[in-house]
Amino acid sequence: MRSTEIDTFLDDAMNPVRVLKPLPCRELDPLPGPVSRASLVLDLACIFVPARTRALLSGEGGEPGSVEETVVKWAHARVRSLVGTLLSGDVRVVSYRPDAAALTGLGPGLTPTGDDLLVGLAAMSQRLVGGGLIEARAAVAFSTSLAGLPSAETTAAAHRLLQNASKGLFPSVLASTVEMLGNPHADPESLRTLTVRLAATGAHSGADLLAGALALVHGVIDGEEKP
Amino acid sequence: MSTRVFVHPGCYQDSARLMQVSRELAALPGVSEAVAMMGTGTNRRLLVDAGFPEAELARATPLDMIVALRTESPEALDAVQAALGRLLAGKGAIAAAGGGTAASRRPGTVAEALETHPEANLVSVAVPGPYAAFVANRGLDAGRSVFLFSDNVSLADEVALKRRAAGLGLLVMGPDCGTAILSGVGLGFANRVERGPVGIVGASGTGIQELSCLLDRRDVGISHAIGTGSRDLSEAVDGTMTEAGLALLARDPETKCVLLVAKHPAESVARRLHGILATLGKPVAVRYLGEPARGLVDGVLYAGSLDEAAEAAAKWAGARPSPEVAASVEPDEGTGPGQAIGDVRLVGLFGGGSLAAEARCVLAARGVETVVPAEKLSARAPLPAGNLVVDTGDDAYTVGRPHPMVDQTVRCELIRAAGADLSVRVLLLDLVLGDGAHPDPAPELVQCVVAARAARGGRPLAVVVSVCGSRRDPQGTARQEDVLRHAGIHVESSAALAAAEAATLLPLVHEEVAR
């Protein structure tokens with residue numbers, strides 16, 4: 001099974017040979033060089049950001065009064081709070097737990113939106129630790145908070161994804177995208193292609209994973225910290 | 001405004017399907033909001049906050065699908081409920097055609113699949129591990145045997161599934177079952193072999209493939225090859241499906257003799273199975289991979305290699321003896337150099353775990369000690385010391401990547417790394433063909449062997465490859481072998497023969513270096 005297929009594995013159920021490793025995950029490759037805010041700004045200019053990702057980043061989406069609107073608002077608020085905690089360098093696991101617990105199992109999908117956001121955020125935080133833009137111990141505390149999320153609060157597939165993320169293992173298509181963000185050697189066209197591929201993963205999952213990753217990028221660029 | 005919540009127990013759906021359900025229901029007349037979500041705690045709380053009835057939501061679990069509806073009138077709810085039923089039963093797009101079209105759709109559940117194909121007598125399950133036991137049980141509910149390709153299924157689930165299947169007189173082949181051939185139909189990774197008199201039960205996918213291909217090379221077909229999953233002969237599972245498979249083959253009139261292949265059986269299980277094998281009523285050969293030959297015990301042949309087991313079955317099926325097999329089974333005395341000597345050593349990089357185990361056993365019998373590296377090999381780090389045998393299909397190498405039988409990228413990197421190490425003088429590889437495997441692996445393998453050799457500054461690198469393929473395999477076994485031979489690669493028909501050849505080459509290379 002190719003790593004671009006995260007949520008589509010069920011479609012392959014009739015062809016067992018293609019379903020070799022559901023939810024293929026891997027570690028991030030080592031950084032080729034330093035990450036700067038300037039390179040992140042340039043990357044944001046060339047990536048593909050689908051409407052759902054934009055909605056989650058802005059907190060505005062769905063029909064007024066709809067469940068979808070509530071999901072987007074809740075998710076946005078919790079992710080912003082997590083980004084602020086990460087950027088403040090807080091190394092206490094308990095500081096991340098309430099927001100992570102509020103996100104797990106939230107929203108549509110076999111891997112619900114909230115879980116995808118957490119995984120995207122974890123991947124990007126690990127990437128930016130390598131670039132010196134996030135305090136390493138803060139990223140570890142955040143990852144540790146994911147490991148402690150109760151399995152009964154979300155779907156089995158999402159719980160597995162969170163457990164992998166807490167160990168530094170991320171869906172390959174997310175890992176490839178995150179590795180390119182802030183990479184001064186990255187080709188803009190390749191980065192765009194990767195974000196298109198990520199966004200095309202599943203119905204929501206790819207866009208939600210991307211939103212988690214980009215929320216932290218926006219936070220770093222804006223110098224956002226928890227009040 | 002009316003609200004209503006439907007909870008569909010055990011109806012897990014992927015994101016695309018949930019979105020489709022939401023959209024199509026929302027497009028129906030009188031529906032102001034439709035939400036399809038998994039029944040996680042957070043989603044339940046969210047829906048309660050949004051004004052949906054708490055009592056109905058309370059019984060949902062993360063394994064269930066919730067459909068929450070808000071309609072302009074209570075009457076509209078009834079119409080939506082009917083449409084939802086049709087949509088979940090896979091009867092086509094409801095919004096576009098008002099519930100009328102029958103756009104063909106792939107079944108989403110075991111029940112839907114069996115409704116479409118009631119004649120099917122087997123359910124093949126390949127869903128993520130956490131859901132696999134649930135789906136496999138639906139197959140058993142419907143009275144069908146199950147081919148369980150999924151891995152990451154807990155041991156407790158496996159034991160429960162197999163006990164239930166045994167009680168029902170059905171098979172659960174797996175979990176993590178890579179290969180089976182039932183009445184000529186291959187499941188998972190399987191080679192295209194003729195039907196014939198040999199029945200196989202195997203807790204090893206590549207072990208079954210190697211046996212069926214060795215028999216194919218002797219013009220002997222197989223009746224059925226029943227995979228059991230690699231843990232079946234563990235103490236916990238107690239060989240439940242191996243026993244059931246053997247019983248089926250014993251009753252099958254087309255099966256004239258039986259082969260059993262497994263890795264590392266628990267001693268108590270092997271002892272119990274011996275009693276069954278000895279009274280099976282048909283000739284039986286057993287190959288416990290990695291273990292030495294024990295010869296004939298109570299009429300059961302405990303072979304020293306897959307080749308020996310296949311040869312015994314071929315003989316029982318009336319084929320002439322093969323001198324080649326005798327050579328692989330009977331080691332020359334004292335031929336091997338033991339441990340790696342100075343700057344001469346062997347590296348085996350296998351795609352099939354069972355074939356790696358088989359090669360190690362043959363090498364050991366020929367005096368070549370090998371080690372399985374404790375740490376995962378990296379193409380960027382020096383290779384550890386000693387003669388190495390590595391299963392690149394192990395989980396450590398396949399995280400986030402397909403199996404090397406499908407995608408050779410990782411193995412090719414390691415071949416190049418081994419080539420760059422001048423102490424490596426013999427490279428031992430396997431190539432597994434058949435349905436499900438790489439469509440044309442030999443040219444890719446040759447390319448990286450050529451690159452490995454080019455990096456050695458003229459120092460030779462002997463390469464021996466075993467090809468596991470049948471005459472009818474889609475890749476063309478003969479063509480794959482020709483491609484390898486044209487690149488100066490030594491080709492053998494089994495892992496045991498290839499290992500025997502490598503063991504012969506090693507002292508020759510050593511002598512050459514010494515000179």
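Just so it is clear: chains get the letters A, B, ... in the order the sequence lines come, proteins before strands, and each one is counted from 1. Hydrogens, waters and symmetry mates are skipped; everything else that's a heavy atom, side chains included, is used. Keep in mind that this is a model prediction, so the values were computed, not measured.
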Among the listed options B:Asp49, B:Val35, B:Thr40, B:Thr61, the residue most often paired with chain A at heavy-atom distances under 4.5 Å: B:Thr40

Nearest 0.5 Å, what's the OG-CG distance between A:Ser176 and A:Leu191? 11.0 Å

Non-hydrogen atoms of chain B under 4.5 Å away: do they reach the side chain of A:Ala175, the backbone, both or neither? neither

Between atom NE2 of B:His8 and atom CE of B:Met65, what is the distance when rounded to the nearest 0.5 Å? 5.0 Å

Measure B:Ile66 against the heavy atoms of chain A and call it side chain, backbone, both or neither at under 4.5 Å. neither

Does the pair B:Arg45/B:Glu54 count as a salt bridge with the N-to-O cut at 4.0 Å? no

Using the salt bridge (Lys or Arg N to Asp or Glu O under 4.0 Å) rule, collect all pairs that involve residues 55-71 of chain A, keeping only residues at least two apart or in two chains. A:Arg52-A:Glu68, A:Glu69-A:Lys73

Choice from A:Gly107, A:Ser151, A:Pro112 maximising heavy atom contacts with chain B below 4.5 Å: A:Gly107

